[in-house]
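Here the structure comes first, spelled out in structure tokens, and everything after it is commentary.
Values in this document were obtained by computation on a predicted structure and should not be read as measured data. Worth knowing before you read on, the calculation uses all heavy atoms, side chains too, and leaves out hydrogens, waters and symmetry mates. Just so we're on the same page: letters track the sequence lines, and every chain starts at 1.
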There are 2 protein chains.
Amino acid sequence: MPQTGRSGCPINLTLEQLGDRWSLIVIRDVMFGNRRTYGELLERSEEGIASNILADRLKRLTASGLLTRRPDPNHRQKGIYSLTEASIQLVPLLAHMGAWGRRHTRPSRELSVRAELLEKGGAPLWNAFMAELAHLHLGAPRPARSVFAELQAAYEKALAHRAL
Amino acid sequence: MPQTGRSGCPINLTLEQLGDRWSLIVIRDVMFGNRRTYGELLERSEEGIASNILADRLKRLTASGLLTRRPDPNHRQKGIYSLTEASIQLVPLLAHMGAWGRRHTRPSRELSVRAELLEKGGAPLWNAFMAELAHLHLGAPRPARSVFAELQAAYEKALAHRAL
DNA sequence: ACAACTCCTTGCAATACGCAAGTGGAAGGA
DNA sequence: TCCTTCCACTTGCGTATTGCAAGGAGTTGT
């Protein structure tokens, strides 16, 4: 039996949670950019998210179990946001979104590099990345391979190349 | 170089086109439900889309190249909507959305059956389905296997089972 | 004590959404 | 021909969401 408003279709239910212009952007920044606090997410936002929208999305995403928030031991006011098992399993979805966007929109070269790597790596790469996210966010053991570092290095190389 | 408003990230650009609560629902109904006209999409909508929203989305999706509209030869007023190459390539994305929704929301059993088949079939099934959609919507040759019929049969079997 | 920092909140305007009713052209029948 | 029905949308209007700019409250560092 369905739980929410419109219908019990799994695609619809996914859209009801994530189908807006900002939720997946926030998750993307936590996931691929390793932004872990409100301030980082606000200041280093590529798309310039507004502060009230960010606050609202952080609330909603934590309420629906896609993020968790724990206090920063060094700074009583700060919260550190982490991905959950559910949001880590969005990796294949985001990879496909990146792949589709690369083909059917006009992305910038620098910002496409990570999407390209993720696409070419396929499921094995996604699984390695998910294992690493489980380490970074859920305290799982550190895997041998750091997909995060590979993606970041490729991105920075593209940035440097563009800057020349 | 980016083309649109917020950033050139391919994930963001995909969200700018599809990141609302209705666009993917419409595409899903055309794709999996084979609804080809305004009336079919309105009347047989599981989620009860409003007529003005549907009209707006059909306009926007055709404008951005995810649907095409041709007049119905038997009925001058009717338009027949078809998927394009770009929207057919959303099959893996929708399959992943269904898979994620099945795991992390509370979908109804009947409406999950297709998502389950798509998930278990994986990339080979998606490719067969995309070939069939190219036949149904773009006039490509008819493939040997009809994934559409398999999905529909499974759905109707689940419906009948529920009705007992 | 004071200033700077950090996480939000508030006010307000613009846009999007949702419902119900209506419009205008086309098909079909008497 | 004229009338009814159908069909694809549009319009009006109230509500919710979004976006921008400014402000406020708790926290840290000096």
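- Closest-nucleotide positions on DNA chain D for Q77(B) and R21(B) were compared, and the one nearer the 5' end corresponds to Q77(B).
- In summary, the side chains of E132(A) and S146(A) do present a donor paired with an acceptor at a separation below 3.5 Å, with no hydrogens or angles considered.
- Each of dC19(C), dT18(D), dC20(D) was ranked by its minimum atom distance to the side chain of R60(A); first place goes to dT18(D).
- Between the CG atom of L54(B) and the C1' atom of dC9(D) there is a distance of 9 Å, given to the nearest Å.
- Within the structure, a side-chain polar atom (N or O) of R69(B) is placed less than 4.0 Å from OP1 or OP2 of dC9(D).
- Side chain of K78(B), nearest nucleotide from dC7(D), dC9(D), dC8(C): dC7(D).
- For the pair H137(B) and V30(B), the minimum side-chain heavy-atom distance is below 4.5 Å.
- Rounded to a whole Å, the CG atom of N52(A) is 12 Å from the P atom of dA21(D).
- D56(A) has its CG atom 9 Å from the C1' atom of dT17(D), to the nearest Å.
- Closest to the side chain of R76(B), out of dC8(C), dA26(C), dC9(D), is dA26(C).
- Annotation: cation-pi geometry not satisfied between R36(A) and Y81(A) (NZ/CZ under 6.0 angstrom from ring centroid, within 45° of ring axis).
- If you measure from atom CG of L42(B) to atom C1' of dG18(C), you get 13 Å, rounded to the nearest angstrom.
- Between the CD1 atom of I53(B) and the P atom of dA20(C) there is a distance of 14 Å, given to the nearest Å.
- Listed nucleotides: dC8(C), dC20(D), dT18(D). Nearest to the side chain of D20(A): dT18(D).
- Distance from the side chain of H75(A) is smallest for dT28(D) among the nucleotides dT9(C), dT18(D), dT28(D).
- When the side-chain nitrogen and oxygen atoms of K59(A) are compared with OP1 and OP2 of dT9(C), one or more of them lie within a distance under 4.0 Å.
- Scanning atom types as modelled, no donor and acceptor separated by under 3.5 angstrom connect the side chain of T37(A) and the base of dT6(C).
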